[in-house]
Amino acid sequence: MTDRLSTTLQALADPTRRAILARLALGETTVTELAEPFQMSQPAVSKHLKVLERAGLIARGREAQWRPCRLEAGPLREVNEWLEHYRRFWDQSLDRLDAYLQELQAQEAQAEEKDRGRKK
């Protein structure tokens, strides 16, 4: 049994699927229109859509002869919450790096000041 976050991350691991989601963020469209920018067959695009659909990232409707696809962004919220924890880690690491660089700059300024004093 795979948890929902793992299923979402597996679906997002492929650049074609991420490109499909980016296109669907602009609005609902057909499989044919989704397949246009890719150098692959429509059945190959359909396989990517099935992965995205299983992950709950897209939904397909039915309107007469066409089945429009639309983005379902709900699972992305869970990914964002998971990443938020690591964002705090990186923010703290960058704050420590910033403090260290400021300390080095202060030491360098003091050393330059000493050199100027010796030369006078």
*List in chain and number order the residues that pass ring pair (Phe, Tyr, Trp, His ring centres under 6.0 Å) with Tyr100, two or more places apart in sequence or in another chain; answer none if no residue qualifies.*
none
For the atom pair [atom1] ([X]) and [atom2] ([Y]), what is the distance rounded to the nearest 0.5 Å?
{"X": "Gln110", "Y": "Asp115", "atom1": "CD", "atom2": "CG", "answer": "12.0 Å"}
{"X": "Leu9", "Y": "Glu78", "atom1": "CG", "atom2": "CD", "answer": "8.5 Å"}
{"X": "Ile58", "Y": "Ile20", "atom1": "CD1", "atom2": "CD1", "answer": "7.5 Å"}
{"X": "Gln10", "Y": "Leu5", "atom1": "CD", "atom2": "CG", "answer": "10.0 Å"}
{"X": "Leu97", "Y": "Trp90", "atom1": "CG", "atom2": "CH2", "answer": "10.5 Å"}

*When you look at Ser6 and Asp3, which way does the side chain to side chain contact (heavy atoms under 4.5 Å, CB included) test go after all the steps?*
CA-CA 5 Å; Ser6 296; Asp3 63 291; 2.6 Å; yes
Run the side-chain hydrogen bond (donor to acceptor under 3.5 Å, both in side chains) test against [X] and tell me which residues pass, sequence neighbours left out.
{"X": "Ser93", "answer": "Arg96"}
{"X": "Ser46", "answer": "none"}
{"X": "Glu108", "answer": "none"}
{"X": "Asp98", "answer": "Gln102"}

Group every Ile, Leu, Val, Met, Phe, Trp and Tyr by side-chain heavy-atom contacts under 4.5 Å, then state whether [X] and [Y] land in the same group.
{"X": "Leu57", "Y": "Leu49", "result": "yes"}
{"X": "Leu26", "Y": "Leu21", "result": "no"}
{"X": "Leu94", "Y": "Tyr86", "result": "no"}
{"X": "Leu34", "Y": "Val51", "result": "no"}

_I'd like to check the salt bridge (charged side-chain N to carboxylate O under 4.0 Å, His left out) partners of Arg70; sequence neighbours left out, ordered by chain and number._
Glu72
*Can you sort out the partners of Glu113 under salt bridge (charged side-chain N to carboxylate O under 4.0 Å, His left out), two or more places apart, ordered by chain and number?*
Arg116
_All pairs passing salt bridge (Lys or Arg N to Asp or Glu O under 4.0 Å) where residues 42-58 contributes a residue, at least two apart_ = Glu53-Arg60
*asked:* Please list all pairs meeting salt bridge (Lys or Arg N to Asp or Glu O under 4.0 Å) that have one or both residues in residues 79-93, counting only residues at least two apart or in different chains.
replied: Glu84-Arg87, Arg87-Asp91
*Would you please name every residue forming a side-chain contact (heavy atoms from CB on, under 4.5 Å) with Asn80, sequence neighbours left out?*
none
*Quick one: side-chain contact (heavy atoms from CB on, under 4.5 Å) partners of Ala73, sequence neighbours excluded?*
Leu71, Leu76
_Taking every non-hydrogen atom, the tightest pair across Ala11 and Ala55_ = CB-CB, 3.7 Å
_Quick check: closest heavy atoms across Val31 and Cys69, and the distance to 0.1 Å?_
CG2-SG, 4.0 Å
_By the side chain to side chain donor-acceptor pair (under 3.5 Å) test, which pairs, at least two apart or in different chains, include something from residues 18-28?_
Arg23-Thr29
*Full working for side chain to side chain contact (heavy atoms under 4.5 Å, CB included) between Leu12 and Arg17*: CA-CA 6 Å; Leu12 294 173; Arg17 293 194 285 265; over 6 Å; no
*For Glu112, does the CD atom have more than 12 heavy-atom neighbours from other residues, nucleotides or ligands under 6.0 Å away?*
yes
*Is a donor on one side and an acceptor on the other found under 3.5 Å between the side chain of Glu33 and the backbone of Thr30?*
yes
